[in-house]
Structure formats: C-alpha cells, structure tokens
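Quick notes on the structure that follows.
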Number of protein chains: 2
Amino acid sequence: MSSVSIKDIARVAKVSHSTVSRALHNSPLVRRETAERIRRIAEEMGYRPSAVARSLVTRKTKTIGVVVTTIADPFIAEVVSGIEEVANDHGYSVFLANSNADPDREIKVVHSFHERRVDGILVTASRVGALYMDHLSEMKVPIVLINNQHPGEFVHSVMIDNVTASRAATDHLIQLGHRRIAYIGDQFGYQSDTERFAGYRQALERAGLTFQPELVVHGDGKPEEGMRAMERLLMLSSPPTAVFCYNDMTALGALRMIRMRGLRVPEDISLVGFDDLFIASYTEPPLTTIRQPKRQMGRRAMELLLQLLRGENSQQTIWMQGELIIRHSTAPPR
Amino acid sequence: MSSVSIKDIARVAKVSHSTVSRALHNSPLVRRETAERIRRIAEEMGYRPSAVARSLVTRKTKTIGVVVTTIADPFIAEVVSGIEEVANDHGYSVFLANSNADPDREIKVVHSFHERRVDGILVTASRVGALYMDHLSEMKVPIVLINNQHPGEFVHSVMIDNVTASRAATDHLIQLGHRRIAYIGDQFGYQSDTERFAGYRQALERAGLTFQPELVVHGDGKPEEGMRAMERLLMLSSPPTAVFCYNDMTALGALRMIRMRGLRVPEDISLVGFDDLFIASYTEPPLTTIRQPKRQMGRRAMELLLQLLRGENSQQTIWMQGELIIRHSTAPPR
DNA sequence: CCGGCTTTTGAAAACGTGTGCAGCCTATGA
DNA sequence: TCATAGGCTGCACACGTTTTCAAAAGCCGG
C-alpha cells in the first residue's frame, strides 16, 4: 500500500534514488555524511526494502521451498524446524508446502515453487520422489533430499545410516539374550524399510542366529497397522520374545496390542522402536529406540543447500548416524 | 537461470509481449487462433511465469506469512497443516517462520515478512503477541491470530472456547463422583490458562463444591513441569482423587509421576488433559481429554484471512468449541 | 470507395530496486 | 592558474510482468 520506496526517500533527501540505494548498502561510493543522513531519513520514514523488486533485478529471491508429505508428522516437523533455523540465520525465508503424498499435489507444489523462483528446494522423506524428479530437475535449482526413498539419483541428500542403526538395535536385543526376534516393517518395498530390515538380518547372521521368515511382518509406519502386525506375531505358535519395529509409531501400536493381550513389556516381550520421537520417552514403559538426529538432519541439509547456492559443489550424500537409546522396553527374556 | 520470459515467447511467435501476456490469461482481447498458437509455444518452451515480476506490478504476492513459536509443537503443526491446505487451494504460498518465543526473533520475522510483502499474516499461539503488535500493524496487512494470549486487540482471531470446554472437563469428573479435583495450570498469567482455570472454578461452583486453593498448582505446559506439579499435589496431606490438566503434555508428566509413586490411573487418580494430541490416545491408559479441532482452526483462520484479503470485513473473532473425549484415564473414585 | 464500427495488436509506462557509465566537484600538485 | 586525479553523484537501463491507450486491421452499410 502506502509503502515508502527508495524514490520517496530520494525526493526527501534531495538526491537520486541510486544514491539512496548505495547509501542503504553501505557502499563506499557515497559520502559518509550523505549516507548517514539518508539512512536516518529512511529510518524515520519507516522504509522497508521490497524483496520482490530486489529479487527481480538480482535474480535471487533468498527463498527456499520445503516440500513435506505432511507437517503434522512429528518427525518431519522436527526436521523442518532445523531447516528453518539455519535458513533464517542466513537470511533465507522458507516456503512450506504439504504434498500429502499425493502426486498431483506434489507436482502443483513444484510448479508453484518454480514460479516463485525459489533459490533451492528441500524435500523430506519423499516416497514418490522419483515421480516428479523430472519436474524438479527441469528448473535449474539445487535440490537436497532428506531420507529420500529413491536414492541413487543425481541429487544431493542427507540420509540416516539405517543399516548400521538397526543392526545396533537388533544387537542390543541379542545381547540381552533374545533368540526369537521379530521385525515389524513399513510397507513393503520402501527404501528405508529395506535398509532397516537388512540391518536386522545382518545382526542375526553375525550372531549365528538363523533367520525366520515368519518373524517378519509388515505394517505401514502407523500405530494401527503396528497393532495388526503385532497381533499376527502373537498368533504364532511360538511367538517372539522381542520385536524390533520399523519406527516408534509402529512400536506404539505393537505396545498397545501386547498389552491388550494381557502381556507385559518388557517382562514378556521386549520392544525396540526407531526415530526417538518425543513420545518415546513418555510411553509406559519408556521405549528403547534409535534416535535420529532429526533437527540436526534438517540443519545439515540446509547447510548443504547453502553450499550449493554458493556454487561450491560439495559431497553428494551426507550420512548421519543413529544412536541407540536404551530405556525400559527391553530386558532379558524370561 | 535460463528461464524463458514472455518476451522470448513473443519473439518466437512474432507478436508483442503484451499479446503473449493476454493470451496466457485467456483474455478475450486476443484472437482465438493467435492465443492458442501462443499458448502452444509457451508450453513447448517450458514457460513458467515469474511470480516475482507479477507481484511487482500487481502489488499482490499471493503469499502469507505464518509465525509460530515452534513448528515442532504437535499442536501447532496440526494448525499449520490446516492453514497450508486452504492457502494452497487458493493459490497462496505460505512462508513459515519459527519465533522460538524469542522477542528479537519475532521482530526479525515480522520485518522479513514485511520486506517480502506478504499479503497477510497468521500468528499461532503467540504468548508475547503484544510485544510486536506495533510492528505488525505498521505494515498495513490483515492479521489473524490463533489462540492468542492477548486478546482484546484490534486484530481478528480464531479462539477456542476455553471456559466452556474446561467446565465440561471438570463436570465430567464431578459427575463421576469426584469432590477433590485439582487443576494443574500453565505458567501463571497466560490468557488460556486463566480461562481454563475459570471454567474449572465455574464447574466447581455450580456443583456446590468449595474451591480449594491448595489443589491448584502450576506447570509450564510441558511434561517435566507437569511431573513436578503432580508431585506437589501428591505431597498434600489429602491428595486429590482427580486432576484436570492444562494440556495433554502436562497430563503426560502427571501420569508418569502418579505411576512413579506406585499409584494407578484411573483407579487411584483420574486424569483429564486438554488438546487431544495424537499421543493422547496412545498413553496407558488412553487419556480422557478435550479435543481442540486443530486442523479446522487452521482452516478457519486461513478462510478468515482470505475474506479480509478480499476486502470483506467479517467478524472479529471466531469461537470454536472443544469436545470432551472420554477414554480410560477417568473413573469414579474408590 | 468511404466513414464508422469492432476486433485485434502494439507501444509504452509502471512496479521498486541494482548498477555500469559518464560526468560533476573538489582538492592537490605542479 | 591549470591540469589531473579521485571522490561522489546522477542518468539510464535492466529485471519480467500487467495494463492503459492508441492505432492498425478487418468488416459493414451506404
């Protein structure tokens, strides 16, 4: 509306708008006193430079686009929090867009980011990533993926070392003395599920335990399916004494089902999650899990993007390590 | 970078860029065949209009700014999810900024939004709202607050009816037969805490129960302080048989403390929360609580903002009702 | 064939900022 | 006194759109 422009200031200060522009940028090309006078006037007039006008000429918007499946996912929210923090510290504003894992919406979002001329894009935990990769790459803008499910592409990414982490989780159960250890996975075929499953198998193998196919069931990463999966395990003639879950949400469902069947954690069954959501420390009993450095992953991803924006071509993939957090949902078998 | 502009298309189509602009807007001012030819060329050249150039001339950015204390708060994340949904549906992109409840950062954020020339601003659960209200109002832009703690200001807002909801929660406990009902509040002095406390007192009063000051303690809306507050209640010579908590996070802490003392919920103590976070249905036992229509609140807030952007001056405040969700953390006293 | 109308097109200005270039002013040295 | 260098400032253009206004082109009736 009535926003004051560089020209308004020029008129008041009786100089050209170029001089005002330079003064406000502390350019050495303008005399000290003039510059100070101009800055004072700008201050008094409540001047705020227009980022849009500036973007038009500099061809940089100092904005980045963040696309998430849904910000209501606590894991993602933490990551975004980390992203926003370092973006903000570097003068970047972030556009947030939910895709709801809907391909149409994802494409709309990417187009929208394109039209807004964002300087870069961050995508967290995209399951359908490959789908709109073409659209992403057609705008020549740096992209960083976080925990994406379709790696091996041309883009940069920040990933958690799923294999090592889940091996650690399974090792923990083995060391407690468990021999029948189940795995409740995510939907079959997802990259991170495959990796966590691989870690589980590696741990079994190294401990000389034979892999039992019937001890592997799949949920969908949410509590409801976690319950159903756990139910199936409990119906086995010889149920497991310990269960490693794809994530905490799944563990939440498993925990509830175990309790519904009148069994106890960890006395009857040990339970391990993955993610270390906030909630994991407030379940009953508190959940042993793998901590993902969520906020840190967001930070690192944004820092990687900043490097790319500066034109430094850095490493392709940043690997981060999970950490086994031992709480009270695991104990030796009876 | 090498992004194609309206002029590039004009050159190829051998028309003026004005004509291209009109053709792309389906203006009736351009001949059908010409328009179609131009649109086809634009398509082939992979044209994406520049929102920043457009914004400069139209003086509308089709962006809104959302400031939250932290997106890592599950309550807020749900609200933002609702906001983003309707914003996106109406062609608006959302800038997300965390303030971390830090006044300096809040001011920086508002300035940033101002420079980006957002069309409107949404603020969720601002505790220090009054602090930067001046900065907000100085840019002439519609503002909608969600559950803000300093109402009575000149802006528009979406609020939950705290008094009615907490009266319902307390009534529920009274009807179960409880007579010693405690209240664990948020930090003293916050608006929503004051209101929930008021509802609690009203319910007691209407039931003819005398208010007992020692049954009111304060936390800070997070589990740790909820534990401490609950601890204080349990040290009373005659502890409460039921506790109404300011929010679910506080209830989470209370629940843990009750269990640490070897007591059981709801057999020994009934517990009621507020918010109905996702987690509330997965505690042990599942938590009776007041459901806030979080996503819906975000949607309504954005819709209100859209009305304001259209120039319709609508109602000042939208009140929303909470809903009592009875689960298993409440039962008659022994 | 011409005037007048409608349809279609183009020229140009505007939005607010950044910046290369030219030119002014002042001081300095010869 | 004059030439020159260096410090400072203004002009003008650019960025990619939208939109007003004028003008060209096509059409019709007389």
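- For C:dG10, its base sits under 3.5 Å from the side chain of B:Arg22 at one donor and acceptor pair at least.
- You'll find a donor-acceptor pair under 3.5 Å spanning the side chain of A:Ser18 and the base of C:dT19, going by distance alone.
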> What's the verdict on salt bridge (charged side-chain N to carboxylate O under 4.0 Å, His left out) for A:Asp89 and B:Arg105, showing C-alpha distance, side-chain angles and the deciding distance?
Replying inline: CA-CA 10 Å; A:Asp89 283 349; B:Arg105 197 160 184 115; 3.5 Å; yes
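- Listed pair B:Ser21 / D:dT18 meets the phosphate criterion, a side-chain N or O lying under 4.0 Å from OP1 or OP2.
- Rounded to whole Å, the distance from CZ on A:Arg54 to P on C:dG18 is 5 Å.
- There is a side-chain donor-acceptor pair under 3.5 Å between B:Asn26 and B:Arg39.
- Considering only side-chain N and O atoms, B:Ser16 lies under 4.0 angstrom from the phosphate OP1 or OP2 of C:dG10.
- Note: CD1 (B:Ile6) to P (C:dT9) measures 15 Å, nearest angstrom.
- Side chain of B:Arg48 to backbone of A:His111: no donor-acceptor contact under 3.5 angstrom is found.
- Per the geometry, NZ belonging to A:Lys60 stands 13 Å off P belonging to D:dG16, to the nearest Å.
- Side chains of A:Arg116 and A:Thr63: a donor-acceptor N/O pair is absent below 3.5 angstrom, by distance only.
- The base of D:dT18 sits within donor-acceptor range of the side chain of B:His17, with an N or O pair under 3.5 Å.
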